[in-house]
Structure formats: C-alpha cells, structure tokens
Amino acid sequence: MILHEFLSFEFLRVVWWILLGVLLIGFALTDGFDMGVGALLPFVGKTDVERRVVINTIGPVWEGNQVWFILGGGAIFAAWPPLYAVSFSGFYLAMFAVLAALILRPVGFKYRSKRDSQRWRNNWDWALFVGGAAPALLFGVAVGNVLLGVPFHLTEDLMPMYDGTFYGKFLGLLRPFAILSGVVSLSMLLMHGAAWLTLKTEGMVQIRARNIGTVAGIVAAATYALAGVWLAFGVDGFAMVGEVVTDGPSNPLYNEVSRGGSWLAAYGERPWIAIAPLMGFAGIAMAVRGLREGHEVSTLLWSKLAITGIIASVGLTMFPFVLPSTVDPTSSLSVWDATSSHLTLFVMLVAAVIFMPLIMLYTAWVYKVLWGKVTEEEVTGSSDSVY
C-alpha cells in the first residue's frame, strides 16, 4: 500500500480545513494585536515619547507575527487551489488595499523617526493607524462576504467568472452585513490591541488603552450578537443536496447545492458547535472585565479566547462550505471538492507536523526573551536601538 493511503482523502480534507482555521486564528491572535495597537496609536499616545512606547511594544515582534499570514496564504495556494483562484480573482482590489495598508507598517516604523519634525512624525503615526485599522476592517468585510456568498460561477473547465465590472467587484463587497462584520473584526482587534498594551505599558498609555479597549469590547459583543441575529433571519444559507461524495475528485460541479434557509440550521444538526460563539462572548466579557479591573496577563488570554471563538464560529457554521456562490450555488466551493490531491495533502501534512511545532516553539521563545514592559525611560535612553 502507498504510504499516503493510510490516511483517507476525506480525513486529510477535514484535517486541512482545521489547519487552515488554525493558521487564520494564529494570524489573528498574533498579528491581530499588532493591527489593534497600530489602530490605537494616535489615541493612546498623546506625546512623541508615549507613541514611541506604543510602537516599541510591537516593533520587535510584528515581523514574526506576519509568518502566520504568509503560512495561511501558502496553505490556501497549495492545499486549496480552487479557493485561492476564486477568492484572489474576485477580491483582487480588496486584497491589494489590504497589502497596501500592511506595507505602511514597516515603512512607518523605519521612517517615523528619521526626521526631527513633529509634522513628519504625526503623518507617519496616521499611516501606522491606517496600516492597522484598514486590514482589521477589510478582513472582517471579507468574512462577511463569504457568509453572504460571492457572485461567481465556474465554467466547465473550472475557470472562475465573476459578475460585474472590475471596480464594481470591489464596491459590491461593501454590503451592509459585510460592513457589520468588518466592525466586529475591527472592534475585536482594538480590544486585543488594548489588552496587549495593558500588558506591555504603564502610566497614561495603559490607562487610555484600558478605557478604549473596554468600549471596543462592548462594541464587539454587541455587533457580534447583531451579526448572529442578522445571519439567522436575514442571510440565506447554503446546503448540499442529495448524496455527497467526500472522497471524490476536486470538482465542485459534481455536487448539487441549494440556497435558502438559515446558516444557523447547522446548530440544530451539530449542537456541539455552539461552544464557539459561547467562547466568543465569554472571552469578550472576561477581557472587558480584565481591562476595567486592571488585570494584565489574564486579559490578553481572555481576548485570545474571544478571537478564537468568533473565528471558529464562522467556520463551524459554514461547514462544509468554504466559499459559496450566489450566482450558481452548484459552483460553491466546499471542503469535499476544493482541495489538492490526496498525495499533496498528505505530503503537506507531514511538513506541517514537522515545521509548525518548530515555529510555535520559536515564537514562544521570542516572547519569553522580550517579556516585560516598555517604559518611557527605556525608549528615551536607548534611541539608537529602539524605534
């Protein structure tokens, strides 16, 4: 027997669906607080020194946190080529906007202190704000559009075709529910960034972060609840029709899909998935409590739980769909028909088992070395080695 046949195609497809979720959650947990801190920068730091303190809480770690983003993109490309092709062709302008915003972050870090000009530094501070807030918002808008469904269809040779003009595709993503999802994402990461600043700073910066983070957490809980109600009564769900082949060829056109009903019907079929939204609400509630009461480590951990629950709730609610189509439901991509081959998934799994623990160990070591608060004295006394 060939080695990869010890694990069934169906099993590997589910494993890579889980791993994709792990990579997305890992990105949100690590680079998420980077984006949150960037979005908070102009509001928690009122003086140049305070803003340098804020920047230096994420300056040494943001590049390492980007690894999760790169891994997620690579995993989609290699394990889910139809998903990669369909999503990147349809969300091209949105992804370009995200990348352009993310580029502002390293440039802002490097150039902010190159000139002794308050106007120069203020401009770069607002660039860092855009570099944090815009991706946080747009990632949520993208998730909202995935839940709503995307206007594409597949030709007989599986080429994705989108309705609308080039620019209309981008504007078409700005639907009310998608914008609400963007607000959930932005407020969630603002809370996460505030939790990080609570852990890494002191004084007025910490106090402002707690105050803003508390409000952001309340907004996150309210908008997440509203999105759940909207999803239940105002958004059509998708469902597989007839017998579903879970270990067949990766061709979405072989399966029949219907549109209608509610996404939340999944909770009646798999009641255990309710643990995800409960984690989301509980994590937000405890994070807000921690921010108000001045807890530090536990607040960040609760914030991580909230993010894990919120993101997991989307994937578990949609399973087995990964990108539904509103134009031709049969073209919708699912776990069972949008992956690479059996052998490819097996080889990638072997690589993931070897390298992901190494990445996690290295990340843990980096955070251990960099543990501790960033103070104003440290920033002003080490101008040659800090941002």
Determine all donor-acceptor pairs shorter than 3.5 Å in which one atom belongs to a side chain in residues 66-80; sequence neighbours excluded.
unit_1 : atom_1 : unit_2 : atom_2 : d
Q66    : OE1    : R105   : NH2    : 2.9

Please tell me if the side chains of F319 and R270 come closer than 4.5 Å, counting only heavy atoms from C-beta onward. yes
How about OH on Y111, more than 12 heavy atoms from neighbouring residues, nucleotides or ligands closer than 6.0 Å, or not? no
L349 vs V15 side-chain heavy atoms within contact, under 4.5 Å: yes
Less than 4.0 Å between a side-chain N and a carboxylate O, is that true for E296 and K373? yes
Lys/Arg N to Asp/Glu carboxylate O, R52 vs E376, below 4.0 Å: no
pair H192-M35: side-chain heavy atoms closer than 4.5 Å: no
May I have the step-by-step check of side chain to side chain donor-acceptor pair (under 3.5 Å) for N65 and D34, ending in yes or no? CA-CA 8 Å; N65 294 338; D34 293 342; 2.8 Å; yes
Rounded distance (nearest 0.5 Å) linking atom OG1 of T339 with atom CG of L20: 12.0 Å
Under 4.5 Å between side-chain heavy atoms, counting indirect links through other Ile/Leu/Val/Met/Phe/Trp/Tyr residues: same cluster for L83 and L148 or not? yes
Pairwise distance CG(N123) to CZ(R115) - rounded to 0.5 angstrom: 10.0 Å
Residues that S185 engages under side chain to side chain donor-acceptor pair (under 3.5 Å), provided they are two or more places apart: none
Sub-3.5 Å donor-acceptor pair from the side chain of D337 to the main-chain atoms of L333, do we have one? no
Decide yes or no for P252 and T330: does some side-chain heavy atom of the first lie under 4.5 Å from some side-chain heavy atom of the second? no
Residues passing the side chain to side chain donor-acceptor pair (under 3.5 Å) test with T57, sequence neighbours excluded, are none
Measure the CG-OG distance between L190 and S303 for me, rounded to the nearest 0.5 Å. 10.5 Å
Taken to the nearest 0.5 Å, the spacing of L197 CG from T299 OG1 works out to 12.5 Å
Parallel, tilted or perpendicular: rings of W124 and W120 (30°, 60°): perpendicular
pair L291-M191: side-chain heavy atoms closer than 4.5 Å: yes
Flag side-chain contact, heavy atom, 4.5 Å: L128 against I55: yes
What class does the angle between the rings of F96 and Y92 fall in, given that below 30° is parallel, 30 to 60° is tilted and above 60° is perpendicular? parallel
So, taking the atom named CG in L345 and the one named CH2 in W16, what distance separates them when rounded to the nearest 0.5 Å? 7.5 Å
Would you find more than 12 non-hydrogen atoms of other residues, nucleotides or ligands less than 6.0 Å from M356 atom CE? yes
Residues Y224, S187; criterion side chain to side chain donor-acceptor pair (under 3.5 Å); working and verdict: CA-CA 10 Å; Y224 182 48; S187 56; over 6 Å; no
Got V322 and V335 here, is their nearest side-chain heavy-atom distance under 4.5 Å? yes
Between W62 and F33, ring centroids under 6.0 Å: no
Drop me the distance from N255's CG to S331's OG, to the nearest 0.5 angstrom. 11.5 Å
R13 to F9 six-membered ring, cation-pi geometry met (6.0 Å, 45°): yes
R259 and D328 ion-paired at < 4.0 Å: no
Flag the pair Y367 / Y362 as yes when at least one side-chain heavy-atom distance between them is below 4.5 Å, and no otherwise. no
Is the backbone N or O of G294 less than 3.5 Å from a side-chain atom of R210, with the two atoms forming a donor-acceptor pair by type? yes
